[in-house]
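Accompanying notes for the structure given below.
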Amino acid sequence: MLKTTDNNCGNCKVSQQDLENFQTISNIKIKDITIGNNSNLLVYPQSFSDCEDRIYDEVVFSLHGQKLTTGNVMGFVGINESELTIQSRFAKDEQDYFLHYLLQKVFSFNLFELKHHSNKENIFDFLIYLFPYFLKKALGQGLFKEYQKKSYNDANVRGNIDINSHIRNNIPFNGKIAYHVREHSYDNKITQLVRHTIEFIKKHRFANGVLTSNNDVQNCVLQIVQATPTYDYNSRRTVVNMNLRPLVHPYFSEYKDLQKICLQILRFEGLKFGEKDDKIYGLLFDGAWLWEEYLNTILRECNFMHPMNKVSKGAIYLFAEPKGYKRYPDFWKDNFIIDAKYKNPSGSIDRNDMNQIISYMYVMQADLGGFLYPTKYKDKLECKHIGKLNGFGGLVKTWSIPIPQKADSFDNFSSLMSENENELKEMIMN
């Protein structure tokens, strides 16, 4: 397995043996990779149009000769026997505390200790972490139900008579009629798949805690258990095979992603499922989206609004009369605008980013605006003054959050990050 980091500036060389496989997915937009039969590649967020940076139009990596260059995407991807792990650029040796920490904060689960060390086991960790989140989102639409063919043998005929079964069981006549009927059932292939995943996680030596992390998750697990009385451990392969076709449903749309992650968890040992050549598989995260959502867990405590362009929530308007031209700053409140940047500005701000923050500050007549990004080159949070704007005025600044590089455990890393978060809130509030 080849290993590199996000935003690696091309510091990764692909062996001649893997080159042909990686060329299949290099320089191709993520949205084009995920279409068709590549259902074994799980990408989060599911809709890259959720991202202001429109990363769904970016590539997982680019290849120029044997030089592999990455962007903001992290995770694991493979094609045939060639596999690539993309850690965060803040990872230290085999321990990517930073990525684990972002996932914990964004998806609201408790991670006590990192016990896995191999690359594949780390990917399995990520799948387990995501499961409760997808489970809660799916059950937020209600318990999945679909029509099932049920057979009965009683005096209350409600469907088509089953002649063969009736002759076999009710001759001589005993007052009963054998019949079958289609009716809605909560005990179906989808809920059975979720149940098998739950039982698998329960028995995993490291992962079972994610199912008891909070009351919401426990209630979701209980709903699935109660809805699947016919659960049978020995039917796992049959249930998996029944779910190989992606779910398409006009209402229960969230179950499609839950189905996908369940399949990946249950079939992790054979992640490259399918005999077809050029099968792409893996799990990818948009680092810029994760960073932005992580900052939201901090800045919302400082009363910042985090606009959501997909649902048209929290927009500002460039024109007052007539009202129009919606724009979505990453974070804003009153007279304060913040732009989240995952990629380190390296001392200079991109021209388009600068123009954008100035536009937002002008429209809002904001006194303060700037950029918030992570860094591994400093030990303390730093605020830099870029300058005061002409016109309406307003200060433009940058804030750099140090990502601990000397932590000797995940608990130590989390503690140091918490200190940095508190310092950031105090700095911004004042």
More than 12 non-hydrogen atoms from neighbouring residues, nucleotides or ligands closer than 6.0 Å to NZ on Lys67, yes or no? no
Can you see which heavy atom on Gly10 is nearest to which on Thr69, and at what distance? CA-OG1, 3.3 Å
More than 12 heavy atoms of other residues, nucleotides or ligands under 6.0 Å from NZ of Lys256: yes or no? no
Once rounded to the nearest 0.5 Å, what's the spacing between atom NZ of Lys3 and atom CD1 of Ile86? 13.0 Å
In plain terms, say whether Glu199 and Arg195 are close enough for a salt bridge, that is, a side-chain N and a carboxylate O under 4.0 Å apart. yes
Check whether Asn420 reaches the backbone of Pro402 with its side chain - one donor and one acceptor, N or O, closer than 3.5 Å. yes
Contact summary for Lys333 and Cys302, nearest pair of heavy atoms: NZ-O, 2.9 Å
Cation-pi between Lys323 and Tyr317: NZ/CZ under 6.0 Å from ring centre and within 45° of the ring axis? yes
Show your working on side chain to side chain contact (heavy atoms under 4.5 Å, CB included) between Ile198 and Phe131 and close with a plain yes or no. CA-CA 9 Å; Ile198 288 171; Phe131 175 75; 3.8 Å; yes
Please confirm whether His249 and Phe144 have ring centers closer than 6.0 angstrom. yes
Sub-4.5 Å side-chain heavy-atom contact between Leu266 and Leu193: yes
Please find the pair of heavy atoms, one from Ile261 and one from Leu127, that lie closest to each other, and give the distance. CD1-O, 3.5 Å
Gln192 (side chain) donor-acceptor with Val239 (main chain) under 3.5 angstrom: no
Does the side chain of Leu139 reach to within under 4.5 Å of the side chain of Asn219, using non-hydrogen atoms? no
For Gln141 and Ser253, indicate whether the former's side chain and the latter's backbone hold a donor-acceptor pair under 3.5 Å. yes
Side chain proximity check, Val73 to Glu58, heavy atoms < 4.5 angstrom: no
Are Thr197 and Leu135 packed together at the side-chain level, in the sense that at least one heavy-atom pair is separated by less than 4.5 angstrom? no
Can you name the closest pair of heavy atoms from Leu290 and Met74 and give their distance? CD1-CE, 4.3 Å
Derivation of the side chain to side chain contact (heavy atoms under 4.5 Å, CB included) call for Gln218 and Asn215: CA-CA 5 Å; Gln218 292 183 52; Asn215 290 334; 4.0 Å; yes
Could you walk me through whether Phe200 and Arg236 pass the side chain to side chain contact (heavy atoms under 4.5 Å, CB included) test, one step at a time? CA-CA 10 Å; Phe200 176 85; Arg236 180 164 298 173; 3.7 Å; yes
Where is the tightest heavy-atom contact between Leu283 and Phe285, given as atom of each residue plus distance? CD2-CZ, 3.9 Å
Strictly by modelled atom types, are Asp6 and Tyr342 linked by a side-chain donor-acceptor pair under 3.5 Å? yes
May I ask you to check whether over 12 heavy atoms, not counting those of Asn422, lie within 6.0 Å of atom CG? yes
Exactly one candidate in Ile386, Ile349, Asp339 meets side-chain contact (heavy atoms from CB on, under 4.5 Å) with Ile357; the answer is Asp339
Will you find, in the side chains of Glu20 and Ser82, an N or O donor that is under 3.5 Å from an N or O acceptor? no
Main chain of Ser15, side chain of Asp18: is a donor-acceptor contact present, judged purely on distance under 3.5 Å? no
Correct closest heavy-atom pair for Asn243 and Leu263 would be O-CD1, 3.4 Å
With side chain to side chain contact (heavy atoms under 4.5 Å, CB included) as the criterion, how do Leu372 and Leu424 come out once you've worked through the C-alpha distance, each side chain's angles and the decisive distance to 0.1 Å? CA-CA 10 Å; Leu372 190 52; Leu424 174 66; 3.9 Å; yes
Polar side-chain atom of Asp96 near backbone of Ser88 as donor-acceptor pair, under 3.5 Å: yes
Indicate yes or no for a side-chain donor-acceptor contact from Gln87 to the backbone of Thr5 under 3.5 Å, with no hydrogens or angles considered. no
N/O donor-acceptor pair under 3.5 Å between Thr191 side chain and Tyr186 backbone: yes
Is it true that a side-chain atom of Gln405 and a backbone atom of Ile403 form a donor plus acceptor pair closer than 3.5 Å? yes
Would you say Ser414's side chain and Phe410's backbone share a donor-acceptor pair under 3.5 angstrom? yes
Atom CG in Leu295, atom OH in Tyr373: separation rounded to 0.5 Å? 13.0 Å
Measure from the side-chain N and O atoms of Asn11 to the backbone N and O of Asn8, and report whether any donor-acceptor pair falls under 3.5 Å. yes
If you count heavy atoms of other groups shown closer than 6.0 angstrom to NZ of Lys13, is the number above 12? no
Side chains of Phe371 and Val396: closer than 4.5 Å at any heavy-atom pair? yes
How about Asn241: does its CG atom have over 12 heavy atoms from other parts shown lying under 6.0 Å from it? yes
Beyond-backbone contact of Asn352 with Gln356, side-chain heavy atoms, under 4.5 angstrom: no
Can Asn7 and Asn72 be counted as having a side-chain donor-acceptor contact under 3.5 angstrom? yes
Just verifying a value: how many Å separate Leu63 CG and Leu68 CG, rounded to the nearest 0.5 Å? 5.0 Å
Straight-line distance of Arg89 CZ to Lys343 NZ, nearest 0.5 Å: 8.5 Å
Can you name the one residue among Glu292, Glu421, Glu293 that meets salt bridge (Lys or Arg N to Asp or Glu O under 4.0 Å) with Lys105? Glu421
Is any side-chain heavy atom of Gln226 less than 4.5 Å from a side-chain heavy atom of Leu222? yes
Does the cation-pi check pass for Lys376 over Phe98, that is, NZ or CZ under 6.0 Å from the six-membered ring centre and within 45° of its axis? no
Rounded to the nearest 0.5 Å, how far does CZ of Phe22 lie from CG of Leu84? 5.0 Å
Please work out which of the three classes, parallel, tilted or perpendicular, describes the rings of Phe413 and Tyr97, given edges at 30° and 60°. tilted
Rounded at 0.5 Å granularity, tell me how far NZ in Lys136 sits from CD in Glu254. 13.0 Å
Any heavy-atom pair between the side chains of His306 and Leu299 that's under 4.5 Å? no
Side-chain H-bond candidate by donor/acceptor type, Tyr377 with Glu382, under 3.5 Å: no
Do the side-chain N and O atoms of Asn335 and Gln365 include a donor-acceptor pair separated by under 3.5 angstrom? no
